[in-house]
Amino acid sequence: MKIGYPCINRTIGCTCGRTFRLKNFSEDRLEETVRSNLLCLLNILKFNVERTILFFRITSDLIPFASHPVCTFHWQERFQEQFKEIGMFIRRHDIRISMHPDQFVVINSKDDAVVERSIKELEYHAQVLDLLGLDRSAKIQIHVGGVYNDKEKSMQRFIDRYNALDDLIKKRLVIENDDTSYTVTDCLRIHFATGIPVLFDYFHHQLNSSEEKMADAFELLSRTWSEKDGIMMVDYSSHHGRGSKRSHAFTIDLRDFTSFLEQSKPFDYDVMLEIKDKEESALAALQAVKKDSRFIKV
DNA sequence: CCCTGTCAAGTCACG
DNA sequence: CGTGACTTGACAGGG
(Lines give C-alpha, C1' and ligand atoms only; values in the text may rest on other atoms or scores of the structure.)
Protein backbone atom coordinates (compact mmCIF):
# COMPACT_ATOMS: atom_id res chain seq x y z
CA MET A 1 0.00 0.00 0.00
CA LYS A 2 1.15 3.46 -0.89
CA ILE A 3 -0.30 6.70 0.37
CA GLY A 4 -0.57 9.84 -1.67
CA TYR A 5 -2.11 13.26 -2.01
CA PRO A 6 -3.19 15.18 -5.08
CA CYS A 7 -1.43 17.86 -7.06
CA ILE A 8 -0.46 20.46 -4.50
CA ASN A 9 2.14 20.63 -1.77
CA ARG A 10 1.57 23.29 0.83
CA THR A 11 4.94 23.02 2.56
CA ILE A 12 7.46 23.58 -0.20
CA GLY A 13 6.05 26.82 -1.53
CA CYS A 14 6.10 26.03 -5.22
CA THR A 15 3.29 24.82 -7.41
CA CYS A 16 3.52 22.54 -10.41
CA GLY A 17 0.18 23.83 -11.65
CA ARG A 18 1.05 27.43 -12.33
CA THR A 19 -1.03 28.73 -15.16
CA PHE A 20 -2.21 31.97 -16.69
CA ARG A 21 -5.09 33.48 -18.55
CA LEU A 22 -5.77 32.53 -22.10
CA LYS A 23 -5.63 36.12 -23.28
CA ASN A 24 -2.07 36.34 -21.97
CA PHE A 25 -0.99 33.30 -23.91
CA SER A 26 2.40 33.42 -25.55
CA GLU A 27 4.94 30.74 -26.30
CA ASP A 28 7.49 32.43 -24.08
CA ARG A 29 5.11 32.52 -21.21
CA LEU A 30 4.12 28.91 -21.75
CA GLU A 31 7.73 27.80 -21.90
CA GLU A 32 8.61 29.63 -18.71
CA THR A 33 5.58 28.29 -16.86
CA VAL A 34 6.16 24.70 -17.94
CA ARG A 35 9.81 24.92 -16.99
CA SER A 36 8.91 26.10 -13.53
CA ASN A 37 6.07 23.58 -13.18
CA LEU A 38 8.37 20.67 -14.02
CA LEU A 39 11.04 21.87 -11.61
CA CYS A 40 8.46 22.06 -8.88
CA LEU A 41 7.09 18.63 -9.70
CA LEU A 42 10.51 17.08 -9.17
CA ASN A 43 10.91 18.99 -5.91
CA ILE A 44 7.59 17.74 -4.61
CA LEU A 45 8.43 14.16 -5.56
CA LYS A 46 11.74 14.45 -3.71
CA PHE A 47 9.97 15.87 -0.68
CA ASN A 48 7.55 12.96 -0.82
CA VAL A 49 10.16 10.25 -1.23
CA GLU A 50 12.04 11.52 1.83
CA ARG A 51 8.83 10.94 3.77
CA THR A 52 7.77 7.63 2.16
CA ILE A 53 4.87 9.24 0.34
CA LEU A 54 5.02 7.13 -2.79
CA PHE A 55 1.76 7.90 -4.52
CA PHE A 56 1.16 11.23 -6.23
CA ARG A 57 -1.40 12.76 -8.52
CA ILE A 58 0.09 15.09 -11.10
CA THR A 59 -1.99 18.17 -11.78
CA SER A 60 -3.68 18.59 -15.13
CA ASP A 61 -2.36 22.16 -15.13
CA LEU A 62 1.22 20.95 -15.62
CA ILE A 63 1.13 22.17 -19.23
CA PRO A 64 -1.33 25.07 -19.44
CA PHE A 65 -3.65 24.97 -22.47
CA ALA A 66 -1.97 21.80 -23.69
CA SER A 67 -5.06 20.59 -25.54
CA HIS A 68 -6.27 24.04 -26.58
CA PRO A 69 -5.97 25.10 -30.24
CA VAL A 70 -3.96 28.14 -29.12
CA CYS A 71 -1.09 25.90 -28.09
CA THR A 72 1.06 25.10 -31.08
CA PHE A 73 4.23 25.02 -29.03
CA HIS A 74 5.99 21.65 -29.06
CA TRP A 75 6.36 21.28 -25.34
CA GLN A 76 6.80 17.53 -25.78
CA GLU A 77 10.14 17.98 -27.56
CA ARG A 78 11.23 21.11 -25.76
CA PHE A 79 10.96 19.45 -22.35
CA GLN A 80 11.78 15.89 -23.30
CA GLU A 81 14.89 15.83 -21.14
CA GLN A 82 13.17 17.19 -18.04
CA PHE A 83 10.37 14.66 -18.43
CA LYS A 84 12.93 11.91 -18.78
CA GLU A 85 14.75 12.99 -15.64
CA ILE A 86 11.56 13.16 -13.59
CA GLY A 87 10.44 9.83 -15.00
CA MET A 88 13.71 8.21 -13.97
CA PHE A 89 13.27 9.56 -10.46
CA ILE A 90 9.73 8.18 -10.33
CA ARG A 91 10.84 4.75 -11.50
CA ARG A 92 13.91 4.62 -9.28
CA HIS A 93 11.76 5.23 -6.22
CA ASP A 94 8.83 3.18 -7.45
CA ILE A 95 6.36 6.03 -7.13
CA ARG A 96 2.79 5.36 -8.26
CA ILE A 97 1.39 8.13 -10.42
CA SER A 98 -2.14 9.13 -11.31
CA MET A 99 -3.74 12.01 -13.13
CA HIS A 100 -7.32 13.22 -12.95
CA PRO A 101 -8.53 15.36 -15.85
CA ASP A 102 -11.10 17.89 -14.75
CA GLN A 103 -14.84 17.86 -15.10
CA PHE A 104 -14.81 19.00 -18.72
CA VAL A 105 -13.70 15.59 -19.91
CA VAL A 106 -16.98 13.84 -20.72
CA ILE A 107 -16.52 11.13 -23.27
CA ASN A 108 -20.15 10.04 -23.18
CA SER A 109 -21.44 13.54 -23.94
CA LYS A 110 -24.20 13.95 -26.48
CA ASP A 111 -22.28 16.86 -27.94
CA ASP A 112 -19.61 15.71 -30.39
CA ALA A 113 -17.56 18.86 -29.86
CA VAL A 114 -17.35 18.07 -26.14
CA VAL A 115 -16.24 14.54 -26.95
CA GLU A 116 -13.61 15.80 -29.34
CA ARG A 117 -12.18 18.23 -26.78
CA SER A 118 -12.28 15.50 -24.16
CA ILE A 119 -10.25 13.14 -26.30
CA LYS A 120 -7.67 15.85 -26.97
CA GLU A 121 -7.38 16.42 -23.24
CA LEU A 122 -6.95 12.70 -22.63
CA GLU A 123 -4.26 12.58 -25.30
CA TYR A 124 -2.40 15.30 -23.48
CA HIS A 125 -2.57 13.41 -20.19
CA ALA A 126 -1.38 10.21 -21.86
CA GLN A 127 1.49 12.09 -23.49
CA VAL A 128 2.71 13.36 -20.14
CA LEU A 129 2.80 9.85 -18.70
CA ASP A 130 4.43 8.50 -21.84
CA LEU A 131 7.11 11.20 -21.80
CA LEU A 132 7.84 10.23 -18.21
CA GLY A 133 8.40 6.71 -19.50
CA LEU A 134 5.95 5.18 -17.04
CA ASP A 135 4.40 1.76 -17.50
CA ARG A 136 0.65 1.25 -17.69
CA SER A 137 0.21 1.21 -13.93
CA ALA A 138 0.30 5.03 -14.14
CA LYS A 139 -3.35 5.88 -14.60
CA ILE A 140 -5.69 8.58 -15.81
CA GLN A 141 -8.93 8.56 -13.88
CA ILE A 142 -12.20 9.99 -15.13
CA HIS A 143 -15.87 9.77 -14.30
CA VAL A 144 -18.26 7.97 -16.57
CA GLY A 145 -19.92 11.28 -17.45
CA GLY A 146 -23.44 12.59 -17.78
CA VAL A 147 -26.71 10.69 -17.50
CA TYR A 148 -28.90 12.87 -19.76
CA ASN A 149 -32.06 11.29 -18.33
CA ASP A 150 -31.19 7.93 -19.82
CA LYS A 151 -28.55 6.00 -17.96
CA GLU A 152 -28.69 2.90 -20.13
CA LYS A 153 -28.05 4.81 -23.33
CA SER A 154 -25.44 6.99 -21.67
CA MET A 155 -23.53 3.96 -20.40
CA GLN A 156 -23.66 2.40 -23.82
CA ARG A 157 -22.34 5.63 -25.29
CA PHE A 158 -19.43 5.51 -22.86
CA ILE A 159 -18.67 1.94 -23.88
CA ASP A 160 -18.75 2.73 -27.60
CA ARG A 161 -16.62 5.83 -27.22
CA TYR A 162 -14.13 4.02 -25.00
CA ASN A 163 -13.76 1.19 -27.50
CA ALA A 164 -12.99 3.69 -30.23
CA LEU A 165 -10.19 5.39 -28.28
CA ASP A 166 -6.56 5.08 -29.26
CA ASP A 167 -4.72 2.42 -27.29
CA LEU A 168 -2.34 5.06 -25.94
CA ILE A 169 -5.27 6.41 -23.96
CA LYS A 170 -7.07 3.13 -23.33
CA LYS A 171 -4.13 1.51 -21.61
CA ARG A 172 -4.12 4.28 -18.98
CA LEU A 173 -7.78 5.10 -18.55
CA VAL A 174 -9.73 4.04 -15.48
CA ILE A 175 -13.18 5.08 -14.27
CA GLU A 176 -14.32 5.88 -10.78
CA ASN A 177 -17.71 5.78 -9.12
CA ASP A 178 -19.02 9.31 -8.67
CA ASP A 179 -21.13 11.03 -6.04
CA THR A 180 -24.28 11.64 -8.04
CA SER A 181 -24.69 9.41 -11.06
CA TYR A 182 -22.65 6.27 -11.59
CA THR A 183 -22.30 3.80 -8.73
CA VAL A 184 -19.81 1.01 -8.18
CA THR A 185 -22.30 -1.38 -9.78
CA ASP A 186 -22.69 0.83 -12.86
CA CYS A 187 -18.91 1.05 -13.22
CA LEU A 188 -18.61 -2.70 -12.91
CA ARG A 189 -21.05 -3.20 -15.74
CA ILE A 190 -18.92 -0.93 -17.88
CA HIS A 191 -15.86 -2.88 -16.84
CA PHE A 192 -17.40 -6.15 -17.99
CA ALA A 193 -18.23 -4.60 -21.34
CA THR A 194 -14.83 -2.98 -21.89
CA GLY A 195 -12.21 -4.35 -19.50
CA ILE A 196 -11.56 -0.88 -18.07
CA PRO A 197 -10.33 -0.96 -14.45
CA VAL A 198 -12.49 0.71 -11.82
CA LEU A 199 -11.05 2.95 -9.14
CA PHE A 200 -12.95 2.92 -5.85
CA ASP A 201 -13.91 6.27 -4.37
CA TYR A 202 -14.78 5.77 -0.73
CA PHE A 203 -16.42 9.17 -0.20
CA HIS A 204 -18.50 9.00 -3.36
CA HIS A 205 -19.57 5.51 -2.41
CA GLN A 206 -20.99 6.84 0.84
CA LEU A 207 -22.98 9.47 -1.05
CA ASN A 208 -24.06 7.34 -3.97
CA SER A 209 -24.18 3.59 -3.81
CA SER A 210 -26.52 0.83 -4.76
CA GLU A 211 -26.48 -1.31 -1.67
CA GLU A 212 -23.00 -2.82 -2.02
CA LYS A 213 -21.11 -3.19 1.22
CA MET A 214 -17.70 -1.64 1.15
CA ALA A 215 -15.93 -4.98 1.51
CA ASP A 216 -17.86 -6.29 -1.49
CA ALA A 217 -16.95 -3.23 -3.50
CA PHE A 218 -13.28 -3.79 -2.69
CA GLU A 219 -13.55 -7.42 -3.64
CA LEU A 220 -15.26 -6.76 -6.95
CA LEU A 221 -13.30 -3.71 -8.00
CA SER A 222 -9.85 -5.00 -7.11
CA ARG A 223 -10.44 -7.77 -9.64
CA THR A 224 -10.93 -5.21 -12.41
CA TRP A 225 -7.23 -4.35 -12.20
CA SER A 226 -4.98 -6.68 -14.13
CA GLU A 227 -1.37 -7.43 -13.26
CA LYS A 228 -0.17 -4.77 -15.70
CA ASP A 229 -2.58 -2.15 -14.38
CA GLY A 230 -1.05 -2.47 -10.92
CA ILE A 231 -2.96 -2.80 -7.68
CA MET A 232 -6.24 -0.97 -7.35
CA MET A 233 -6.23 2.75 -6.72
CA VAL A 234 -8.61 4.11 -4.11
CA ASP A 235 -9.63 7.70 -3.42
CA TYR A 236 -10.26 8.40 0.22
CA SER A 237 -11.78 11.49 1.75
CA SER A 238 -14.37 12.43 4.29
CA HIS A 239 -16.65 15.38 4.22
CA HIS A 240 -16.29 18.74 5.81
CA GLY A 241 -18.38 18.78 8.98
CA ARG A 242 -19.85 22.20 8.40
CA GLY A 243 -19.80 22.53 4.64
CA SER A 244 -22.18 20.94 2.19
CA LYS A 245 -22.20 17.16 2.23
CA ARG A 246 -20.15 17.08 -0.94
CA SER A 247 -17.28 19.25 0.22
CA HIS A 248 -14.04 17.70 1.32
CA ALA A 249 -12.62 17.73 4.83
CA PHE A 250 -9.90 20.18 5.70
CA THR A 251 -7.88 17.63 7.61
CA ILE A 252 -7.96 13.88 7.99
CA ASP A 253 -10.19 12.23 10.59
CA LEU A 254 -7.90 9.45 11.78
CA ARG A 255 -10.70 7.59 13.51
CA ASP A 256 -12.62 7.33 10.27
CA PHE A 257 -9.49 6.53 8.31
CA THR A 258 -8.53 3.73 10.70
CA SER A 259 -11.99 2.26 10.43
CA PHE A 260 -11.71 2.49 6.66
CA LEU A 261 -8.41 0.57 6.84
CA GLU A 262 -10.05 -2.08 9.00
CA GLN A 263 -12.96 -2.54 6.63
CA SER A 264 -10.63 -2.94 3.67
CA LYS A 265 -8.38 -5.33 5.55
CA PRO A 266 -7.94 -8.22 3.15
CA PHE A 267 -7.11 -6.00 0.19
CA ASP A 268 -4.02 -4.23 -0.96
CA TYR A 269 -4.38 -0.98 -2.85
CA ASP A 270 -2.84 2.48 -3.20
CA VAL A 271 -4.79 5.23 -1.52
CA MET A 272 -5.08 8.87 -2.56
CA LEU A 273 -6.14 11.23 0.23
CA GLU A 274 -8.34 13.94 -1.19
CA ILE A 275 -8.07 16.27 1.73
CA LYS A 276 -7.47 19.97 1.70
CA ASP A 277 -4.36 20.07 3.85
CA LYS A 278 -2.62 17.65 1.50
CA GLU A 279 0.76 16.32 2.66
CA GLU A 280 -0.11 17.11 6.26
CA SER A 281 -2.86 14.50 6.26
CA ALA A 282 -0.83 12.11 4.13
CA LEU A 283 1.89 12.11 6.78
CA ALA A 284 -0.65 11.55 9.55
CA ALA A 285 -2.22 8.69 7.60
CA LEU A 286 1.21 7.20 7.04
CA GLN A 287 1.75 7.00 10.78
CA ALA A 288 -1.63 5.32 11.22
CA VAL A 289 -0.89 2.81 8.51
CA LYS A 290 2.65 1.82 9.44
CA LYS A 291 1.41 -1.01 11.63
CA ASP A 292 -0.55 -2.38 8.72
CA SER A 293 0.95 -5.42 7.01
CA ARG A 294 -0.08 -4.07 3.63
CA PHE A 295 2.30 -1.21 4.04
CA ILE A 296 5.85 -2.18 3.26
CA LYS A 297 8.45 0.42 4.06
CA VAL A 298 10.83 1.10 1.19
C1' DC B 1 0.44 46.23 -1.62
C1' DC B 2 -4.26 44.28 -1.13
C1' DC B 3 -8.84 43.19 -2.88
C1' DT B 4 -11.79 40.75 -5.61
C1' DG B 5 -13.99 39.44 -10.10
C1' DT B 6 -12.93 36.13 -13.12
C1' DC B 7 -10.90 32.30 -15.41
C1' DA B 8 -11.13 27.08 -21.72
C1' DA B 9 -13.83 23.54 -21.14
C1' DG B 10 -19.60 20.10 -18.50
C1' DT B 11 -23.10 18.31 -15.70
C1' DC B 12 -26.02 17.95 -11.92
C1' DA B 13 -27.94 18.82 -7.15
C1' DC B 14 -29.60 21.99 -4.34
C1' DG B 15 -31.97 26.14 -2.76
C1' DC C 1 -33.40 29.50 -12.53
C1' DG C 2 -29.07 30.76 -10.40
C1' DT C 3 -25.28 29.02 -7.82
C1' DG C 4 -21.94 25.90 -6.12
C1' DA C 5 -19.53 21.64 -6.33
C1' DC C 6 -16.17 18.87 -8.44
C1' DT C 7 -9.16 16.26 -8.01
C1' DT C 8 -6.76 21.63 -7.09
C1' DG C 9 -7.66 28.33 -6.20
C1' DA C 10 -4.70 31.30 -8.74
C1' DC C 11 -4.32 35.19 -11.84
C1' DA C 12 -4.34 39.87 -12.81
C1' DG C 13 -6.52 44.23 -13.13
C1' DG C 14 -7.83 48.00 -10.36
C1' DG C 15 -7.66 50.49 -6.25
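Labels below follow one simple rule: chain letters A, B, ... track the order of the sequence lines, proteins then strands, and each chain is numbered from 1. All of these numbers come straight from a predicted model, not from anything done at the bench.
Among Leu45(A), Val49(A), Asn48(A), the one residue that satisfies the side-chain contact (heavy atoms from CB on, under 4.5 Å) test with His93(A) is Val49(A).
For His191(A), the ring-ring contact (aromatic ring centres under 6.0 Å, His included) criterion is met by no residue, not counting sequence neighbours. For Lys265(A), the side-chain hydrogen bond (donor to acceptor under 3.5 Å, both in side chains) criterion is met by Asp292(A), not counting sequence neighbours.
The interatomic distance linking Asp178(A) (CG) with dA5(C) (C1') rounds to 13 Å, in whole Å. At whole-Å resolution of the value, CE in Met272(A) and P in dT7(C) are 12 Å apart. We find that CZ of Phe65(A) is positioned 11 Å from P of dC11(C), with the value rounded to whole Å. If you take CD1 of Ile8(A) and C1' of dA10(C), they are 9 Å apart, rounded to a whole angstrom. Rounded to an integer number of Å, the gap from CG of Leu62(A) to C1' of dT8(C) is 13 Å. Here the P atom of nucleotide dA9(B) and the CZ atom of Arg117(A) are 8 Å apart, to the nearest Å. Straight-line distance from the OH atom of Tyr182(A) to the C1' atom of dC6(C): 17 Å, rounded to whole Å. Here dC6(C) presents its P atom at 10 Å from CG of Leu207(A), a figure rounded to the nearest Å.
dA5(C) and dC3(B) have their C1' atoms separated by 24 Å, given to the nearest Å. Nucleotides dT4(B) and dG4(C) have their P atoms positioned 16 Å apart, rounded to a whole Å. Rounded to whole Å, the separation between the P atoms of dT7(C) and dC14(B) comes to 16 Å. Spacing of P atoms, dC12(B) relative to dG9(C), comes out at 25 Å, to the nearest Å. Taking the C1' atoms as reference points, dC11(C) lies 22 Å from dG10(B), given to the whole Å. Look at the P atom in both dC2(B) and dC6(C): the space between them is 28 Å, to the nearest Å. Only the C1' atoms considered, dT3(C) is 16 Å distant from dG5(B), to the nearest whole Å.
Close to dG10(B), at under 4.0 Å from its OP1 or OP2, lies no side-chain N or O of His143(A). Taking only side-chain nitrogens and oxygens, His204(A) comes nearer than 4.0 Å to OP1 or OP2 of dT7(C).
Proximity note for Ser67(A) (side chain, C-beta onward) versus dA13(B), dT8(C), dA9(B): the nearest is dA9(B). Among dT11(B), dT7(C), dC12(B), the nucleotide with an atom closest to any side-chain atom of Tyr148(A) is dT11(B).
Within 4.0 Å (heavy atoms only), Ser118(A) reaches no atom of the nucleic acid at all. Heavy atoms of Gln141(A) sit nowhere under 4.0 angstrom from any nucleic acid atom. Here Val147(A) lies in heavy-atom contact (under 4.0 Å) with sugar-phosphate atoms only.
Between Glu32(A) and Arg29(A) there is no salt bridge, since no side-chain N of the basic residue sits under 4.0 Å from a carboxylate O of the acidic one.
Put simply, CG on Leu38(A) and CD on Glu85(A) are 10.0 Å apart, with the number rounded to the nearest 0.5 Å. Rounding to the nearest 0.5 Å gives a distance of 9.5 Å between CD1 of Ile3(A) and NZ of Lys290(A).
For residues 99-117 of chain A, the salt bridge (Lys or Arg N to Asp or Glu O under 4.0 Å) pairs, not counting sequence neighbours, are Asp112(A)-Arg161(A). For residues 181-194 of chain A, the pairs satisfying salt bridge (Lys or Arg N to Asp or Glu O under 4.0 Å) are Lys151(A)-Asp186(A), Glu152(A)-Arg189(A), with sequence neighbours left out.
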For the pair Asp201(A) and Glu274(A), evaluate side chain to side chain contact (heavy atoms under 4.5 Å, CB included) and give the outcome as yes or no after the intermediate values. CA-CA 10 Å; Asp201(A) 190 307; Glu274(A) 295 179 336; 3.8 Å; yes
Ser137(A) vs Asp135(A), test: side-chain hydrogen bond (donor to acceptor under 3.5 Å, both in side chains). Steps then yes/no. CA-CA 6 Å; Ser137(A) 72; Asp135(A) 66 25; 2.6 Å; yes
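Remark on DNA chain C: of its neighbouring residues Gly17(A) and Asp235(A), the 5'-side contact belongs to Asp235(A), judged by nearest-heavy-atom nucleotide. Nearest-nucleotide positions on DNA chain C place Pro6(A) closer to the 5' end than the other of Pro6(A) and Arg18(A).
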Polar-atom pairs under 3.5 Å, protein N or O versus N or O of nucleotides 12-15 of chain C: list them with distances, or write none.
from    : atom 1 : to       : atom 2 : distance (Å)
dA12(C) : OP1    : Asn24(A) : ND2    : 2.9
dA12(C) : OP1    : Arg29(A) : NH2    : 3.2
dA12(C) : OP2    : Arg29(A) : NH2    : 2.7

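We find that the ring of Phe104(A) and the base of dA9(B) stack, their centres lying under 5.5 angstrom apart and their planes tilted less than 30°.
Where pairing requires Watson-Crick or G-U contacts shorter than 3.5 Å, the helical stems of DNA chain B with at least three consecutive pairs are B:1-7 with C:9-15, B:10-15 with C:1-6.
In summary, the side chains of Gln263(A) and Ser259(A) do present a donor paired with an acceptor at a separation below 3.5 Å, with no hydrogens or angles considered.
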